[in-house]
> 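There's a structure below that I have some questions on.
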Amino acid sequence: MSIKEYQHSLSKQLNNATQTSPSATVLGIALGEDRCLVHMHEVSEVIQTPKITPVSLTQPWFIGMMNVRGNLYSITDLGVFLGGPPTPFNSRSRILLASASYKMNSGFLVNSMLGIRNLSDFQQIENSKNAKNNDTYRYYMDKEQRQWREISLHQIISSDKFLQIAQ
């Protein structure tokens, strides 16, 4: 099966799983100074940052590989992948392991966790002062008037950019 066929198959299988609901449970994460929301069904586990083995000649956002209970995971710096600065490895940083339903052992390094929330606690906003012209993300405002960006791990994993880790 080619990468394009795999992407198409994965997209069809997960179409229902990525539909958003106003009462959806989301995980708040920090990427640099940005606040982001990831749907809980897209995350299988959140772990502390373990030892990661670097891989040569890869994109700057690809950190390397790690072993989680006998399974190898590719690790991506989510902040760098989305165009931000590198995420520091410290006591607050975490790895989000993508849902097993995606059939791709992928983990994403984030600055810190900001808690589990309900999407109905946020108000979707039309235009963001930080949104780029071709930005396809949804933006939300919380009750404290802080802006949040909704991120889909499914969209990231199925993107051509994500599948091309070689430099």
Side-chain angles (χ1 to χ4, degrees), residues 3 6-7 10-11 14 17-18 20 24-68 71-117 119 122 124 128-132 134-142 146-167:
I3 289 177
Y6 175 76
Q7 285 178 311
L10 184 62
S11 180
L14 300 172
T18 59
T20 58
T25 305
V26 291
L27 181 62
I29 60 172
L31 296 177
E33 297 297 316
D34 295 334
R35 293 173 175 269
C36 301
L37 300 170
V38 177
H39 285 266
M40 290 294 291
H41 70 267
E42 292 197 299
V43 178
S44 67
E45 190 175 350
V46 177
I47 61 173
Q48 289 186 336
T49 309
K51 180 178 189 238
I52 298 173
T53 303
V55 178
S56 301
L57 303 174
T58 57
Q59 297 293 336
W61 46 263
F62 186 78
I63 301 171
M65 303 293 292
M66 70 175 204
N67 183 328
V68 178
N71 295 302
L72 288 178
Y73 281 80
S74 63
I75 305 301
T76 298
D77 185 327
L78 189 54
V80 175
F81 185 85
L82 297 174
T87 303
F89 286 88
N90 59 37
S91 62
R92 297 187 68 212
S93 58
R94 296 289 184 265
I95 301 280
L96 305 180
L97 299 181
S99 172
S101 67
Y102 297 159
K103 298 184 180 4
M104 193 176 287
N105 289 352
S106 298
F108 298 91
L109 178 66
V110 300
N111 289 76
S112 65
M113 307 310 297
L114 300 175
I116 297 173
R117 297 158 189 267
L119 198 56
F122 295 86
Q124 188 171 349
S128 164
K129 61 182 176 187
N130 297 329
K132 298 178 179 99
N134 61 353
D135 198 345
T136 59
Y137 297 104
R138 290 187 184 129
Y139 287 85
Y140 295 88
M141 192 71 68
D142 66 15
R146 295 176 298 198
Q147 182 175 291
W148 297 73
R149 174 172 52 165
E150 181 182 52
I151 295 174
S152 169
L153 297 182
H154 170 254
Q155 285 181 345
I156 291 170
I157 287 173
S158 59
S159 72
D160 288 337
K161 177 182 173 182
F162 184 79
L163 296 175
Q164 300 299 320
I165 64 166
Q167 278 188 331

> How far apart are the closest heavy atoms of M66 and K51, and which atoms are they?
CB-O, 3.6 Å

> Measuring from R138:CZ to L37:CG, what's the distance to the nearest 0.5 Å?
11.5 Å

> Just how far is it from atom CG of L78 to atom OG1 of T76, taken to the nearest 0.5 Å?
8.0 Å

> Grab the two heavy atoms, one from Q164 and one from Q59, that are nearest each other, plus how far apart they are.
O-CG, 3.5 Å

> How many angstroms lie between CG in D77 and CD1 in I63, if you round to the nearest 0.5 Å?
4.5 Å

> Do the ring planes of Y137 and Y139 sit parallel (below 30°), tilted (30 to 60°) or perpendicular (above 60°)?
perpendicular

> Determine the interplanar angle of the F81 and W61 rings, folded into 0 to 90°, and report it as parallel if under 30°, tilted if 30 to 60°, perpendicular if over 60°.
perpendicular

> Any chance you could measure H154, atom NE2, to M104, atom CE, to the nearest 0.5 Å?
9.5 Å

> Could you note down all residue pairs passing salt bridge (Lys or Arg N to Asp or Glu O under 4.0 Å) where residues 53-63 supplies at least one of them, sequence neighbours left out?
none

> Would you give the length of the straight line joining atom CZ of F162 to atom CD1 of I157, rounded to the nearest 0.5 angstrom?
5.5 Å

> Between A98 and S44, what is the shortest heavy-atom contact and its length?
O-OG, 3.3 Å

> Determine the minimum heavy-atom distance between W148 and G28, stating which atoms define it.
CZ3-CA, 3.8 Å

> How far does OG of S101 sit from CD of E42, to the nearest 0.5 angstrom?
8.5 Å

> Side chains of T87 and S93: donor-acceptor distance under 3.5 Å anywhere?
no

> Closest approach of H41 and S99, non-hydrogen atoms and distance?
O-CB, 3.5 Å

> Taking all non-hydrogen atoms of both residues into account, name the closest pair between P50 and I95 and its distance.
CD-CG1, 4.0 Å

